[in-house]
Amino acid sequence: MKRSDFVAIAALAAVFAVFPLVVPTALVNIGVYALIYALTAIGLTLLMGLAGQVSLGHAAFFAIGAYTQAILVTRYGVPLPAAAIAAVGLAMLAALLIGLPLLRLRGHFLALATLGLGIVLAVSVNEMEFTGATTGIFGIPKPEFGGRLYDSPEEYFWLMAPIVLVGLLLARGIVESRIGRALSAVNDSEVAAESLGVDTFRLRLQVFVLSAGYAGLGGVFYAHWLGVVSPSAAHFSMSVEFLLISVLGGLGTVWGALTGAFAVEFLDEAMREFIPVLVPGAAGEVQLVGFGIVLVLIVVLLPGGLHQATRRLFARRRPAAVPVSSGDGEPEPRRAARPERGSPLLEVRGLTKRFGGVVAVDDVSLDVRAGEIVALIGPNGAGKTTCFNMISGVLEPTSGEVTVNGVRTDGRKPHVFARAGATRTFQNLQVFRSSTVLGNVKVGRHLRSRAGLLRGALTLPARAEERMITAAAVRCLDAVGLAEHAGQMAVDLPFGLQRRMEIARALALEPDLLLLDEPMAGLSGAERRELAALLRRLREDGMAIVLVEHDVAAVLSLADRVAVLDDGKLIAFGPPDEVRQDPAVIAAYLGEDADVRD
Amino acid sequence: MADLLQFVVAGLAQGGAYALIAIGFVSIFAVSGVINLAQGEFAALAGLCAISAAGAGLPLLPALLVAVAVVAAVAIAIERLAIRPVRRMTTLTSIILTLGVSTALKAVMLLIWGPQGHTLRAFPGSDLTVAGVSIRAQELWILAACALVGGAVWWFYERTLHGKALRACSEQPVAARLIGISLTKASLVSFGIAGVTGAVAGVVTSPIYSSSWEIGLTLGLKGFVAATLGGLLSVRGAILGGILLGVLENLVAGYVATGLRDAVAFVVLIAILLARPGGLVKHTEARV
């Protein structure tokens, strides 16, 4: 977390302390609602901005929190804090049960499932006697702590403000943490992040569950403030309001949840006053028109929300993060020793892929040992990249086995492959667009660091580790000669440097096995020589490298063994000299003759 | 036995309505990857328009045509005003955006028609009883509309060059543009089609299920579940999914508890996504 965050929090705390003193009670009352909704929206902002998922039924978690609190307090006399823990826990449990099956799937399914959950919950609380049916549950007392009764808007505002601030701080910590970095990388390129060991599903699930926790806590405060919880707490329009708050505030930032909440609440109030004047006899739901239109306008005109607007107003470029020099910082934890030179690292058995009737890769078997460079070559469309995708877990093979360091990885996700000690680069670069060069490489340290959601949220316990991550990332940049570009946005680098950055990112994982998909493509002659020298150094250190390459001449001089694919079949596998003489290889390359000779 | 048949018949009709909504989802998603949450509102709006047109003294058929035309125009206007201006449209953005559209539409309907439900007068024809199972004429109309409209959309997307070209937009946007398919036009056409199918669903169901400003949400969700059952890209799948969901719902409502009806879609959605994320209809595997 940056210093500016602490400044912002301190400033906010001051504003919150003064707010109830200087504005009329009616406005403080709106402020209380804004805080309740802000708390809920923080989670939603994390979910949408960080995990790239949307919940259309967040009111469900809000209502679960509110109802649980109301029932526990009024019927069973449970003390408020204990009830609140149960209420938040139950909201999180509900999210876990929904997210567990659905977050494995792409994009929109969670949105629709949460929408469904919202509807089902709204119907159920309306029907069930247990939840008081249409009348709901009333008689929830105002909270009282240490003899102080929080019953006026001013008091309640002061009760909530510190909690909202802590909620913001924790969320902010998560955004800046190892988990936040990994999820942001997933939003930029899921496949690249997973190849660096990021378990997308797991992290998304954690954020979703956390976001439900925030909503549940919002519901708890809502119950105590209103004194009654009715089915309207679960109503769909609440979900829309939460969504509007997050989108209006700006999805990229947790601060947006707070600005959005105040903006929407005051807007809501204004419309409540204004619409009946405009349309006599209009029902209260008419403010939905306003919400709907505002939502559309923001997405169309201001996709970054209010946050983006203020940014633009102050039009100050973020100062590039100054990289820490690699000298400072504690020594990083060394990972277990590399496998012994010559020991088998990668075993591929009978790997086959069919697309409909087309056999793209046909029964390929090969093995790669520690400390050697293996090149995979073949004419266009021979199945090299498909082969790579299957080995690295990006694509599920139709049949066959892939074993890395003794772990079966075929048909599992790329992060399993990474966990087994292997990673890859991509033919079409997969740069994490929204972060710096250093930030890109830091994602590569994901598996070599451990701070989870909780440590990240608390910021301080993860500081030492963050320093080590940075130091290691700078070392990797050094290795490819990019240290001076560390603070630049990755997308601003020229193509050749982006390729090198991807290699540095892969090296940051300290893999035993490195797969490079056409690493030479688009590089100048000098850059190619440098890259070849780097690969030789890595081989000396005992790393195994497999590369797909078009530049056959470069490959033959670099590789210890060459595998040749033609039409999906492995037609030769051996030392370069042997392969060069192989009649089948020469036949396969007829027409691409020049490539082999030069 | 008669009970079972009765539930199935009622479910078929309801499923026909879901199928029509589902086709609208598929029509748009297959072309632009947009999930249009306002799909259910198209049906609600069409029903209410038809009721007003009929109430103004128009005979049934012209009233229906007016309603369908209005909704198609609204759908096209939405595409123009809300969808097209967005520069980086992702499925996620589209969900938020169309949620806004749907919310606004709902509220407009509430303003114009008020909170009560209205019913369109029944289509001509008399109800019949076959083997102890009573079949309402309106139910036959729903199924006929589903078959006719569904068939037409299927034929357009799967059998005509135009339709296939539109679908190519989602899979290969750049290639589609290179060979001269206009993405913006494709998106417009897909919204028009979705407007028509949604509207037809709205007008044929109005006499039995009634129309009000708020029916769009559940109707839309169920249409989406039906479309998901069919894999979200297949018109045939959407029709099958709709029918299946309708029958299942009625069986649960009939044999278990009426109140659980709305939960069925949600449970089915999760079950299907777990068992067969690609939908019930088999697709040829796409290349990554």
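In the text below, chain A, chain B and the rest are named by the order of the sequence lines, each starting its count at 1. The structure displayed is predicted, hence computed values, not measured ones.
- For the side-chain contact (heavy atoms from CB on, under 4.5 Å) with A:L115, the lone residue among B:T218, B:L99, B:L217, B:I95 that qualifies is B:L217.
- For a residue to count as touching a neighbouring chain, one of its non-hydrogen atoms must lie under 4.5 Å from one of that chain's; by this rule A:V247 touches chain B with the side chain only.
- Open room surrounds CZ on A:R412; 12 or fewer heavy atoms of other groups in view lie less than 6.0 Å from it.
- A:L56 touches chain B through its side chain: at least one heavy atom from C-beta onward sits under 4.5 Å away, while N, CA, C and O do not.
- In this structure, A:I298 CD1 and B:L97 CG are separated by 11.0 Å, a value rounded to the nearest 0.5 Å.
- Ranked by heavy-atom pairs shorter than 4.5 Å toward chain A, the options B:I96, B:L37, B:T93 are led by B:I96.
- Residue B:G100 comes nearest to A:V296 through the heavy atom pair C-CG2, 3.7 Å, listed as atom of the first residue, atom of the second, then distance.
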